[in-house]
S.K.: 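Questions regarding the structure given below will be posed in turn.
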Amino acid sequence: DSFGQPAEQAAIKRGIQPRDWTEENIAHMRGQLQRLGVSYDWRREIAAHRPDFYKWDQWFFLKMFERGLAYKRKSAVNWCPKEETVLSNEQSSGGICWRCGTPVVKREIEQWFLRTTKYAEELVEHIKEIEAGWPEKVLKRQRDWVGRSEGAYIDFAVKQHDEKVRVFTTRIDTIFGATAIVLSAEHPLLPKLLEGSSLKDDVMQFAEKAKGARAIKTEDAAEEEEKLGINTGQLAVNPFNGELLPIWVANYVLMDYGAGAVMSVPAHDQRDFDFAHKYTLPIRQVIAPIVHGQQGESADVTPGSDQSMDMKAAFTEYGVLVSSGEWSGKLSHDAMREMADYAAERKFGGGAVTYRIRDWGISRQRFWGAPIPIVYCGNCGTVPVPEKDLPVMLPNKAEFTGTGESPLKNVPEFVNTVCPKCGRPAKRETDTMDTFVDSSWYFFRYTDPRNETMPFDPAIAAKWIPVDQYIGGDSHAVMHLIYARFWNKVMRDLGLVKSNEPVKRLLTQGMVTNRVEGTNDWKAMSKSLGNGVDPDEMIRAYGADATRMFVLFAAPPENELRWSETGIEGAVRFLRRVWTMVYRWRDQLRDQLKGQGTPAAKLEFSDAARALRRKTHQTIARVTDDFEKLDLNTNVAALMELSNALAEFNVDRASASPADAFAAREAIEALVVMLAPFSPHVAEEMWEGLGHEGGLLLAAAVWPMADPELARKEELEIPVQVNGKLRSRVIVAPDISEADLRALAFSDEKVSSFIDRNDYVTAIPVPQRLVNVVVKRWDERLDEHGFDAIIWASGEHPVTSNRKITFIFKEKGNDKRVTIAEDLIPNKAGDQYSAAGQVSQELEARGIQDVVVTLETELNRSVIDIKMKGESELIRVIKPYR
RNA sequence: GCCGGGGUGGCGAAAUGGCAGACGCUACGGACUUAAAAUCCGUUGACCGCAAGGUCGUGUGGGUUCGACUCCCACCCUCGGCACCA
């Protein structure tokens with residue numbers, strides 16, 4: 001993306017030609033990227049400023065021109081009246097010329113536009129095709145940028161004129177509350193309406209002033225500006241009720257959105273409300289909030305009256321219509337639909353969709369961009385340059401004065417040409433294209449970079465496009481990424497691509513920022529701020545591999561990375577450790593490396609070797625998966641873990657047995673291969689060190705495959721919680737059943753120590769993860785369930801070594817204790833049932849329903865289950881036999 | 001003002017609703033060294049305890065859940081975007 005401002009600025013400042021400056025930079029950066037080992041396919045390098053590329057910018061322009069997608073119209077630019085030049089937004093910041101301090105004015109000049117508005121609907125609609133792969137924050141900003149909004153147009157007839165004022169509203173349901181019509185200062189109808197009016201001069205003067213004020217307001221967020229207006233003295237007719245409304249002109253109505261005019265409904269729009277307050281226009285409430293079926297009162301409120309005091313702000317929500325003729329009593333949403341239909345039937349309006357997106361102005365009064373391929377002929381007018389004459393070449397040299405005018409204007413060989421139609425002398429367009437034009441489609445050119453007859457061959461592009469993964473900063477969330485989507489749709493309609501969207505997955509990469517010296521600000525590195533870090537210096541100090549690894553390890557890619565060199569030593573150390581292992585172990589692993597070792601199937605692996613192999617295969621699986629998700633930082637962490645595991649698996653053992661050697665070789669080879677994407681140079685060296693010299697380069701080696709069988713854990717250490725707090729751990733087989741896991745938790749000694757004799761206990765086993773033993777007091781638990789009585793398990797613990805169980809009920813609000821079951825000895829099957837049965841009976845006798853009691857004895861424990869009403873879960877009293 | 005992202009040790013950061021702090025940096029202690037650097041070993045969320053161990057802890061307050069950094073509600077702070085879009 002080599003066209004644009006910086007090259008031209010350098011030309012102005014240093015008297016160097018943009019082309020030379022640009023080519024120098026490209027060469028420099030190419031060198032840096034290569035030194036970093038970034039493996040692009042350099043045969044596909046392209047640059048926007050080279051004629052074989054910008055020729056196609058021009059070609060696309062011509063195609064759009066043919067189809068009416070490129071057109072010219074007058075449009076405002078920032079203009080310094082003293083220097084008579086166009087200023088960029090930055091140059092006119094604060095409303096004054098950056099050089100001479102003269103107040104900036106808006107000036108209308110002819111400019112070229114691309115009709116992005118034609119694709120407004122698709123730009124919203126097709127979001128659903130990409131939303132799975134794009135960050136929500138980007139999609140949100142794109143939706144806002146397009147700014148689709150549904151509403152209605154309404155035409156208001158102007159009294160005593162044969163004219164209509166059209167307004168757009170999203171709240172047609174409030175139309176009975178309209179108390180004025182407000183036009184933009186730039187409204188084209190304004191002069192006509194004022195003809196012959198005594199107010200003409202005053203109003204036009206106001207309009208001029210309002211326009212001027214707007215011009216000065218540049219991007220330096222004009223503070224909440226006061227709403228100013230003037231009554232034109234004209235009246236408009238509300239088509240819904242025939243009411244006459246005064247027509248005003250005001251500074252807060254934008255010409256280039258909707259219809260350039262609004263109906264003012266002070267009661268239900270905050271801006272209209274503010275305006276009405278200032279100019280004491282009536283405020284009439286026609287929407288009432290829906291409150292418990294009650295409908296609010298409607299009221300005509302004039303400022304100063306009691307009612308207007310009540311209303312501190314507009315009520316902008318939906319509600320119920322009041323004082324709205326036949327629509328009174330309807331809900332906003334129904335009314336909106338019906339009223340739009342009503343207007344359509346009577347032909348004074350109807351439902352409509354508007355968009356906030358504007359056509360894309362691509363004219364730049366600059367040198368360093370693709371010339372717009374247009375010729376102006378005194379005879380034939382605006383004539384497109386024929387395709388065969390492309391590219392329209394930028395001249396090699398120009399004068400850079402920095403006055404703000406296109407330097408092309410002062411290159412006669414460029415400007416003077418002949419008309420392609422009639423052959424008479426003619427002049428070229430001297431504006432060049434916005435650089436976003438280049439960036440809108442450059443990646444398509446990668447697929448077919450040297451094509452001389454087309455921008456790219458559709459058949460070749462079809463293999464690559466849509467892009468699987470696009471990476472860019474979120475500063476491009478709207479401009480570039482909207483234009484690229486627009487361009488894709490244009491190309492689709494030209495038959496060049498099939499898909500609606502150019503990019504399936506988008507990663508918005510975070511900036512690498514650095515402190516700006518002398519401040520506390522962290523800003524993206526840049527030359528002008530002097531906070532850059534030279535990659536070459538990093539490479540010199542730490543090497544390309546450690547630099548790469550550190551940057552990828554330090555934070556996830558979408559985070560901002562605040563630059564700091566503390567930490568990069570860690571990457572150096574890590575690589576050095578792996579390096580040392582490779583060269584220290586290569587002799588012990590020699591047979592394995594030569595492929596002469598015993599095959600794995602015939603080897604007996606020790607526990608440690610099996611553990612190492614497990615780690616190896618787990619790491620392969622994790623790294624492979626994390627690459628797919630672009631979780632590169634955790635990816636590096638995984639490699640470090642494998643390296644740590646290898647270091648623990650020490651070298652003497654590796655030399656001791658073929659099985660250990662096998663495991664070590666497997667681990668270290670996998671590690672080296674997986675290291676390659678991060679640190680390619682050192683990995684390649686290590687690969688050679690592992691005995692692959694003369695064979696395939698590591699860059700061409702096969703990515704290791706994870707064997708799930710080997711990655712599987714042989715046993716698991718399962719944490720045991722009591723009431724959510726970690727208390728113990730048990731070692732289990734990975735396929736242990738829930739029941740066994742539960743039993744194991746109950747029998748754990750540490751767990752038992754948290755269980756009081758009068759508690760009841762249950763457990764939530766989560767296979768592979770943990771067990772949570774829930775211990776509660778019986779009374780709490782029963783209370784929660786609304787039982788009338790409290791059970792105590794008393795005397796000896798419910799099932800004890802002497803196997804005596806005693807249940808005691810304590811009635812609520814009564815201290816009397818009632819023993820319901822005593823001396824139950826669950827010994828044989830029959831006894832169990834009778835014991836359980838006895839408890840059930842007693843419970844029922846006391847009016848406690850829905851309780852199922854079972855009693856079971858297992859090898860080393862006894863359990864009483866009591867099933868509470870409405871619960872599937874068992875509450876257990878449990879005690880292991882001693 | 002509206003919209004969006006984010007708030008976890010001294011720092012960068014991990015954690016399909018299931019052991020908070022993986023991995024690394026820093027710092028501290030130790031080994032090696034005449035010494036330093038490098039390297040290696042150990043400690044490193046806070047608090048209590050000689051220890052075993054315990055208590056607290058993911059911005060704040062509530063909620064859901066056997067269980068919440070993770071889900072829900074309200075609020076605070078912060079970064080970013082938009083800012084008269086009818």
Side-chain angles (χ1 to χ4, degrees), chain A residues 135-141 143-145 147-149 151-152 167-172 174 178 182 184 214 217 219 221-227 250-265 268-272 274-275 316 354-358 474-475 477-478 508 522 549-550 553-556 558-571 573-574 576-577 580 631 633-644 647 717-729 750 761-776 873:
Chain A
E136 183 50 39
K137 62 175 173 181
V138 173
L139 296 178
K140 169 89 175 79
R141 287 186 60 192
R143 280 191 206 99
D144 288 352
W145 184 270
R148 183 181 198 278
S149 94
V167 306
F168 176 72
T169 179
T170 54
R171 290 298 302 272
I172 192 173
T174 66
V182 187
S184 160
R214 194 154 270 291
K217 215 168 76 178
E219 64 185 43
E223 304 278 301
E224 182 67 20
E225 206 178 22
E226 196 182 6
K227 293 181 176 43
N251 62 349
Y252 73 96
V253 178
L254 304 173
M255 191 56 230
D256 51 4
Y257 180 79
V262 301
M263 61 180 202
S264 179
V265 186
H268 304 293
D269 182 289
Q270 191 57 42
R271 294 155 302 185
D272 296 340
D274 296 341
F275 190 69
T316 56
T354 57
Y355 302 90
R356 201 158 137 180
I357 191 172
R358 311 283 149 79
D474 54 5
S475 56
V478 279
T508 49
W522 291 82
M549 168 151 287
F550 167 65
F553 175 57
E558 50 296 330
N559 280 24
E560 175 190 324
L561 176 61
R562 295 191 162 194
W563 184 254
S564 153
E565 282 175 35
T566 63
I568 190 165
E569 283 292 351
R573 279 199 282 263
F574 167 57
R576 193 149 47 206
R577 270 199 299 272
T580 312
D631 289 344
N633 55 326
T634 55
N635 217 331
V636 175
L639 294 178
M640 288 174 169
E641 283 183 47
L642 178 57
S643 153
N644 292 345
E717 196 187 51
I718 299 282
V720 182
Q721 298 181 330
V722 176
N723 288 342
K725 286 200 175 112
L726 179 69
R727 298 299 183 189
S728 182
R729 292 161 190 285
K750 283 188 193 138
V761 183
T762 185
I764 317 280
V766 183
Q768 315 276 317
R769 292 237 175 239
L770 58 48
V771 197
N772 191 15
V773 176
V774 183
V775 181
K776 270 194 178 170
E873 177 196 335

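Order of the sequence lines sets the chain letters (A, B, ...), proteins ahead of strands, with each chain counted from 1.
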S.K.: Could you write out RNA chain B as a dot-bracket string, with dots for unpaired bases, | for bases paired across to another strand, and Watson-Crick or G-U pairs counted at under 3.5 Å?
M.R.: (((((((..(((.....[....))).(((((.......))))).((((....))))..(((((..]....))))))))))))....

S.K.: Counting heavy atoms from C-beta on, name the nucleotide in B/G4, B/A86, B/G81 closest to the side chain of A/Lys140.
M.R.: B/G4

S.K.: Counting distance only, does the side-chain N/O of A/Thr580 pair as donor-acceptor with the main-chain N or O of A/Arg576 below 3.5 Å?
M.R.: yes

S.K.: Show your working on side chain to side chain contact (heavy atoms under 4.5 Å, CB included) between A/Thr508 and A/Lys137 and close with a plain yes or no.
M.R.: CA-CA 10 Å; A/Thr508 49; A/Lys137 62 175 173 181; 3.8 Å; yes

S.K.: Can you name the closest pair of heavy atoms from A/Arg148 and A/Tyr355 and give their distance?
M.R.: CG-CE2, 3.5 Å

S.K.: Using atom CG of A/Asn251 as one end and atom C1' of B/A83 as the other, report the distance to the nearest whole Å.
M.R.: 15 Å

S.K.: Has the side chain of A/Asp269 got a donor or acceptor atom that lies under 3.5 Å from a matching backbone atom of A/Asp272?
M.R.: yes

S.K.: Can you tell me, in whole Å, how much space there is between the C1' of B/C25 and that of B/G1?
M.R.: 42 Å

S.K.: Rounded to whole angstrom units, what separation is found between the CZ atom of A/Phe574 and the P atom of B/C25?
M.R.: 11 Å

S.K.: Could you check whether A/Asp256 pairs with A/Arg358 (Lys NZ or Arg NE/NH1/NH2 to Asp/Glu carboxylate O, under 4.0 Å)?
M.R.: yes

S.K.: Mark yes or no: A/Lys227 above the aromatic ring of A/Phe275, with NZ or CZ under 6.0 Å from the six-membered ring centre and no more than 45 degrees from the axis.
M.R.: no

S.K.: B/G61: syn or anti, with syn meaning chi within 90° of zero?
M.R.: anti

S.K.: Measure from CZ on A/Phe550 to C1' on B/C25 and round the result to the nearest Å.
M.R.: 9 Å

S.K.: Considering all heavy atoms of both residues, which atom of A/Ala763 and which atom of A/Val771 are nearest to each other, and what is their separation?
M.R.: CB-CG1, 4.2 Å

S.K.: Quick one: is B/A86 close enough that its OP1 or OP2 comes under 4.0 Å of any side-chain N or O from A/Tyr252?
M.R.: no

S.K.: Do the side chain of A/Asn772 and the main chain of A/Gly724 share a donor and acceptor less than 3.5 angstrom apart?
M.R.: yes

S.K.: Roughly, in whole Å, what's the span from CZ in A/Arg356 to P in B/C3?
M.R.: 14 Å

S.K.: Given the C1' atoms of B/G42 and B/C47, what is the spacing between them in whole Å?
M.R.: 23 Å

S.K.: Judged by atom type as modelled, is there a donor-acceptor pair below 3.5 Å linking the side chain of A/Arg171 to the main-chain atoms of A/Thr316?
M.R.: yes

S.K.: How far does the P atom of B/A52 sit from the matching atom of B/G45, given to the nearest Å?
M.R.: 16 Å

S.K.: Regarding A/Ser264, tell me which of base, sugar-phosphate or nothing describes its non-hydrogen contacts under 4.0 Å with the strands shown.
M.R.: nothing

S.K.: Expressed as a whole number of Å, how far does the C1' atom of B/C76 sit from that of B/A22?
M.R.: 31 Å

S.K.: Do A/Val773 and A/Arg727 have side chains that get closer than 4.5 Å, going by heavy atoms?
M.R.: no

S.K.: Could you list the protein-to-nucleotides 26-31 of chain B atom pairs, N/O on both sides, closer than 3.5 Å?
M.R.:
{"unit_1": "B/U26", "atom_1": "OP2", "unit_2": "A/Arg573", "atom_2": "NH2", "d": "3.2"}

S.K.: Give me the distance, rounded to whole Å, that separates B/C77 from B/G29 when you measure between the C1' atoms they each carry.
M.R.: 38 Å

S.K.: Can you tell me the distance, in whole Å, between the CD atom of A/Glu558 and the C1' atom of B/G6?
M.R.: 12 Å

S.K.: Measure CG/A/Leu139 against P/B/G81 and give the value in whole Å, please.
M.R.: 18 Å

S.K.: Before giving the answer on salt bridge (charged side-chain N to carboxylate O under 4.0 Å, His left out), spell out for A/Arg143 and A/Glu136 the whole-Å C-alpha distance, their side-chain angles and the decisive distance to 0.1 Å.
M.R.: CA-CA 10 Å; A/Arg143 280 191 206 99; A/Glu136 183 50 39; 3.4 Å; yes

S.K.: Is any side-chain nitrogen or oxygen of A/Lys725 closer than 4.0 Å to OP1 or OP2 of B/C56?
M.R.: yes

S.K.: Does the side chain of A/Thr174 reach to within under 4.5 Å of the side chain of A/Met263, using non-hydrogen atoms?
M.R.: yes

S.K.: Mind checking if A/Asp272 touches a base, just sugar-phosphate, or nothing, with heavy atoms under 4.0 Å?
M.R.: nothing

S.K.: In whole angstrom, what separates A/Lys137's NZ from B/C3's P?
M.R.: 18 Å

S.K.: Say you pick atom P in B/A74 and the same atom in B/G4; how far apart are they, in whole Å?
M.R.: 12 Å

S.K.: Can you check the A/Asp274 CG to B/A83 P distance for me, whole Å?
M.R.: 19 Å

S.K.: Taking the same atom, P, in B/C3 and in B/A27, what whole-Å distance lies between them?
M.R.: 45 Å

S.K.: OP1 or OP2 of B/U39 sitting under 4.0 Å from any side-chain N/O of A/Arg576?
M.R.: yes

S.K.: A/Arg727 side chain N/O closer than 4.0 Å to the phosphate oxygens (OP1, OP2) of B/G54?
M.R.: yes

S.K.: Judged by each residue's nearest nucleotide on RNA chain B, which is more toward the 5′ side, A/Asp256 or A/Ala637?
M.R.: A/Ala637

S.K.: Base, sugar-phosphate or nothing for A/Arg148? Non-hydrogen atoms, less than 4.0 Å.
M.R.: nothing

S.K.: Produce a footprint string for nucleotides 11-21 of chain B: one letter per nucleotide, 5' end first; B if the base is under 4.0 Å from any protein heavy atom, S if only the sugar-phosphate is, - if neither.
M.R.: -BSS-B-BB--

S.K.: Using the P atom in both, what is the distance from B/G21 to B/G57, to the nearest Å?
M.R.: 16 Å

S.K.: Roughly how far, to the nearest 0.5 Å, is CD of A/Gln270 from CG of A/Asp274?
M.R.: 4.5 Å

S.K.: Before you tell me yes or no, could you show the steps for A/Asn723 and A/Val774 under side chain to side chain contact (heavy atoms under 4.5 Å, CB included), namely the whole-Å CA-CA distance, both residues' side-chain angles and the distance that decides it to 0.1 Å?
M.R.: CA-CA 5 Å; A/Asn723 288 342; A/Val774 183; 3.8 Å; yes

S.K.: What's A/Arg143 touching, base or sugar-phosphate or nothing? Going by heavy atoms closer than 4.0 Å.
M.R.: nothing

